[in-house]
Q: 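Structure provided below as structure tokens; questions to follow.
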Amino acid sequence: MNKFLIAGNWKMNKTASEAKAFIEELKAKNFSNAEEVAVLVPFTDLYTVKDALAGSGIKFGAQNVHFEASGAFTGEVSVPMLSEIGVDYCVIGHSERREYFNETDETVNKKLKVLIEAGITPILCVGESLEVREKGEEQAFVGGQLVADFEGISAKDATKIVIAYEPIWAIGTGKTATPEQAEEMCAFIRGVMEGMYDAVVAESLLILYGGSMKPSNAKELLEKEDINGGLIGGASLKADDFAGIADAAAALK
Ligand code: 13P
């Protein structure tokens, strides 16, 4: 039986009242695979979304966290704060954070460790820019990110991390990686993890694809052997589109 995670990354979208209305719409879809569906929302929406989702089986999470537990870090949010809310997931190392907010492999690595310790599942994003791909260096680049991001993380803990391959050139551009390109990189990532750990760890990992995933291309991406789900931006903001992708996953079980 195929395991999937269909996660919607709302990015900086939806106020709390918009979030509540959206979750009501989503619950009405009555997903057969609700446990494999998650919404990753702005901090200000977390409590509202938690309450609105109660009893639905749908999971939720944040989009970033600080690696320190507390202190003089104005504007930041810590793992204990997320733990108390009860989030299931937290996105780490999204390319937008790497590009606009100085996220580095070093901070990503620290964040992964504190999240795992707290029992929150990190969704670690990796992926190359168009420039890197045009030079044919995508595997070296993503392989380097993985080595740095997993530094000092044990095999047992590595299995607790979800990896999302998000080629930057496919994010929000409407330009999806072909299923073959996405599968090639997800299989490559699994191979890197096998090299860093072992085959058992590599096989147990959920590896997602992200970048302009939508109902019309979800099936062909999700049916690939090494793609275990999607991290969805734009299409996760519309209940019908997001449900279309979750249903494509459910149909492949
Ligand atoms: P889009 O689905 O809008 O391309 O965004 C993908 C993404 O960045 C999800 O984290």
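Counting starts at 1 for both ligands and their atoms, following the listed order. Note that this is a predicted model, so its numbers are computed, not measured. The chain is numbered in sequence order, starting from 1.
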Q: Are any of the N or O atoms of G233 closer than 3.5 Å to those of ligand 1?
A: yes
Q: Passes salt bridge (charged side-chain N to carboxylate O under 4.0 Å, His left out), E36 versus K59? Steps please.
A: CA-CA 8 Å; E36 295 185 340; K59 311 282 191 222; over 6 Å; no
Q: If you measure from each heavy atom of K11 to ligand 1, is any distance below 4.0 Å?
A: yes
Q: Go through ligand 1 atom by atom and flag the ones less than 4.0 Å from a non-hydrogen atom of N9.
A: 9 (C), 10 (O)
Q: Measure up the Y165 and Y209 rings against each other and bin them: parallel (under 30°), tilted (30 to 60°), perpendicular (over 60°).
A: tilted
Q: For ligand 1, which atoms, with element, lie under 4.0 Å from some heavy atom of G211?
A: 4 (O), 6 (C)
Q: Exactly one of V37, I6, N217 should register a side-chain contact (heavy atoms from CB on, under 4.5 Å) with I245. Which one does?
A: I6
Q: Is there a side-chain contact between E128 and E137 (heavy atoms, below 4.5 Å)?
A: no
Q: Which is it for D51 and K20 under the salt bridge (charged side-chain N to carboxylate O under 4.0 Å, His left out) test, yes or no, and what are the steps along the way?
A: CA-CA 9 Å; D51 290 348; K20 186 169 174 3; over 6 Å; no
Q: Using distance alone, determine whether G234 and ligand 1 share an N or O pair under 3.5 Å.
A: yes
Q: With heavy atoms of S212 as the reference, note each atom of ligand 1 found under 4.0 Å away.
A: 1 (P), 2 (O), 4 (O)
Q: Salt bridge (Lys or Arg N to Asp or Glu O under 4.0 Å) with K29: which of D240, D247, D241?
A: D240
Q: For the residue pair T176 and K214, establish whether any side-chain heavy-atom pair is separated by less than 4.5 Å.
A: yes
Q: For ligand 1, which atoms, with element, lie under 4.0 Å from some heavy atom of E166?
A: 6 (C), 7 (C), 8 (O), 9 (C), 10 (O)
Q: What atoms in ligand 1 come closer than 4.0 Å to a heavy atom of A170?
A: 4 (O)
Q: Do ligand 1 and G172 have nitrogen or oxygen atoms that lie under 3.5 Å from each other?
A: yes
